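Note that these values count all heavy atoms, side chains included, but never hydrogens, waters or copies made by symmetry. Because the structure is a prediction, the values reported are computed rather than measured.
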Amino acid sequence: MNFFDRLHDRIRTVDSVVSVGLDPDRSRLPDHLTDHDLPRWAFNRRIIDATHEHAAVFKPNAAFYEDPDGWRALEETIAYAHGKDVPVLLDAKRADIGNTTRQYAKVLETVDAITVNPYMGRDSLQPFLSDEEAGVFVLCRTSNPGGADLQDLELETGEPVYERVAALADLWNENDNVGLVVGATTPEELEDVRDIVPDLPFLVPGVGAQGGDAEAAIEHGLADGVGLINSSRGIIFAGEDHGEEFAKASGQAAKRLKKRLNRYRD
């Protein structure tokens, strides 16, 4: 089965489309974990234990692991998540050309899916797209306000850049392994993109700490019930002031988000 088939099964198993972002900002880790050999791994393990019953995927962001101990922590995190039967989507936003992008794509030997940046065109993504078993989420309309600087620019055809990206991603979906990243903070544009690509699953960030539209995320983010609604800080730091009980609060936050989203699912 390819990634989206596996994701479909996972969503049905846990009755959830929640993506739990594992972004262990070292400045926000609980004090009692700082003496561990790998504090980020110690933190993630407790978050995974507390939230896996509500998680369709875990989504570590590579930026929080880009040092030697960080990569070790990420490896442990991926293996542990897989041990809980939860797929791992690496938020890396990779893309390049030639041998460089082929090296980037080797990470798909370890994780189940990845986010990629389409700015350099199809050849920069081809090693990812050609992996039939992996999921490839193409950045389309992101949740940050500055995304409009480029993504909303109007082309000669009259369409904004983000709509062209959506249409191109649909063409690139030869192996049924492509999805789009479309933020919940722009619900009208989320709807526009869904009209262009009715069959591509979306990864929808921005529902948690960024305050995105949960109902729109469900209505337009899922394709035949498959898609992901991400929350990172809103879950993993829900217990930031709870000391050693931080993970319990994270589990409760993940459960609340699942229930909130499920109100809008068919």
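Side-chain atoms of Leu7 and Pro201, non-hydrogen and from C-beta on, never get closer than 4.5 Å to each other. Contact check for Val138 versus Leu200: no side-chain heavy atoms found under the 4.5 Å cut-off. No side-chain heavy atom of Ser232 sits under 4.5 Å from any side-chain heavy atom of Asn61. Using a 4.5 Å cut-off on side-chain heavy atoms (C-beta onward), Leu139 and Lys93 make contact.
Sorted pairs that involve residues 216-227 and meet side-chain hydrogen bond (donor to acceptor under 3.5 Å, both in side chains), not counting sequence neighbours, are lacking altogether.
Shown are Arg265, Lys259, Arg260; of these, the side-chain hydrogen bond (donor to acceptor under 3.5 Å, both in side chains) with Asn262 is made only by Arg265.
Applying the side-chain hydrogen bond (donor to acceptor under 3.5 Å, both in side chains) criterion to Glu174, with sequence neighbours excluded, gives Arg122. In this structure, the side-chain hydrogen bond (donor to acceptor under 3.5 Å, both in side chains) partners of Asp25, at least two apart in sequence or on a different chain, are Ser27. Residues passing the side-chain hydrogen bond (donor to acceptor under 3.5 Å, both in side chains) test with Lys255: none are found, sequence neighbours excluded.
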*Could you give me the CA-CA distance, side-chain angles and deciding distance for Asp176 and Phe4, then say whether side-chain contact (heavy atoms from CB on, under 4.5 Å) is met?*
CA-CA 8 Å; Asp176 295 324; Phe4 289 113; over 6 Å; no
_Please evaluate residues Asn2 and Asp5 with respect to the criterion side-chain contact (heavy atoms from CB on, under 4.5 Å), reporting the C-alpha separation (whole Å), side-chain torsions for both, the decisive distance (0.1 Å), and the verdict._
CA-CA 5 Å; Asn2 71 11; Asp5 291 332; 3.3 Å; yes
*Determine, step by step, whether Asn173 and Asn177 satisfy the side-chain contact (heavy atoms from CB on, under 4.5 Å) criterion, reporting the C-alpha distance in whole Å, the side-chain angles of both residues, the deciding distance to 0.1 Å, and the verdict.*
CA-CA 6 Å; Asn173 191 31; Asn177 61 349; 4.0 Å; yes
*Before giving the answer on side-chain contact (heavy atoms from CB on, under 4.5 Å), spell out for Trp172 and Phe128 the whole-Å C-alpha distance, their side-chain angles and the decisive distance to 0.1 Å.*
CA-CA 11 Å; Trp172 298 339; Phe128 301 100; over 6 Å; no
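In this structure a side-chain-to-backbone donor-acceptor pair under 3.5 Å is present from Gln151 to Thr142. With hydrogens and angles disregarded, a donor-acceptor distance shorter than 3.5 Å links the side chain of Arg10 to the backbone of Ala55. Listed for the Arg6 side chain is a donor-acceptor partner under 3.5 Å among the backbone atoms of Met1. The backbone N or O of Leu129 sits less than 3.5 Å from a side-chain atom of Asn175, completing a donor-acceptor pair. In terms of modelled atom types and a separation under 3.5 Å, the side chain of Ser231 and the main chain of Val207 share no donor-acceptor contact. Formation of a donor-acceptor pair under 3.5 Å by the Asp91 side chain with backbone atoms of Lys59 is not found in this model. When atom types are taken as modelled, the side chain of Asn230 and the backbone of Leu203 share no donor-acceptor pair closer than 3.5 angstrom. No donor-acceptor distance shorter than 3.5 angstrom exists from the side chain of Asp170 to the backbone of Val197, with no hydrogens or angles considered. Counting only distance, with no hydrogens or angles, the side chain of Thr115 and the backbone of Ala92 share a donor-acceptor pair below 3.5 Å. Asp192 places no side-chain N or O within donor-acceptor distance of the main-chain N or O of Glu163, the cut-off being under 3.5 Å.
Using a 4.0 Å cut-off between charged side-chain N and carboxylate O, Arg141 and Asp152 make a salt bridge. Under the 4.0 Å criterion applied to side-chain N and carboxylate O atoms, Asp96 and Arg94 are not assigned as salt-bridge partners.
Residue Leu153 qualifies as enclosed at atom CG: its count of foreign heavy atoms under 6.0 Å is above 12. For NZ of Lys248, the number of neighbouring non-hydrogen atoms (other residues, nucleotides, ligands) closer than 6.0 Å is 12 at most. More than 12 heavy atoms of other shown residues, nucleotides or ligands fall within 6.0 angstrom of atom CD in Glu240. Around atom CD of Glu133, no more than 12 heavy atoms belonging to other residues, nucleotides or ligands sit under 6.0 Å away. The neighbour count for Arg12 CZ, taken as heavy atoms of other residues, nucleotides or ligands under 6.0 Å away, does not exceed 12.
In the hydrophobic clustering of ILVMFWY residues, with side-chain heavy atoms under 4.5 Å counting as a link, Tyr119 and Leu125 come out apart. In terms of hydrophobic clustering, with Ile, Leu, Val, Met, Phe, Trp and Tyr side chains grouped at heavy-atom distances under 4.5 Å, Val17 and Val14 are assigned to different clusters. Under the 4.5 Å side-chain contact rule for hydrophobic residues, Trp71 and Ile48 share a cluster.
In this structure, the separation between OG on Ser143 and CG on Leu190 is 11.5 Å, given to the nearest 0.5 Å. Atom CG of Leu180 is separated from atom SG of Cys140 by 5.0 Å, given to the nearest 0.5 angstrom. The line from CZ of Phe58 to CD1 of Ile47 is 9.0 Å long, rounded to the nearest 0.5 Å.
Across Phe137 and Phe202, no two heavy atoms sit closer than the pair CE2-C, 4.0 Å.
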Return a table of donor-acceptor pairs under 3.5 angstrom between the side chains of residues 32-46 and protein atoms on other chains or two or more places apart.
| residue | atom | partner | partner atom | Å |
| --- | --- | --- | --- | --- |
| Thr34 | OG1 | Asp31 | O | 2.8 |
| Asp37 | OD2 | Arg72 | NH2 | 3.0 |
| Arg40 | NH1 | Phe64 | O | 3.0 |
| Arg40 | NH1 | Asp67 | OD2 | 2.8 |
| Arg40 | NH2 | Asp67 | OD1 | 2.9 |
| Arg40 | NH2 | Asp67 | OD2 | 3.3 |
| Asn44 | ND2 | Tyr65 | OH | 2.9 |
| Asn44 | ND2 | Thr77 | OG1 | 3.0 |
| Arg46 | NH1 | Ala42 | O | 2.8 |

Could you list the donor-acceptor pairs under 3.5 angstrom formed between side-chain atoms of residues 99-114 and any protein atom two or more places apart in sequence or on another chain?
| residue | atom | partner | partner atom | Å |
| --- | --- | --- | --- | --- |
| Thr101 | OG1 | Ser124 | O | 2.7 |
| Asp112 | OD2 | His82 | NE2 | 2.7 |
| Asp112 | OD2 | Val88 | N | 2.7 |

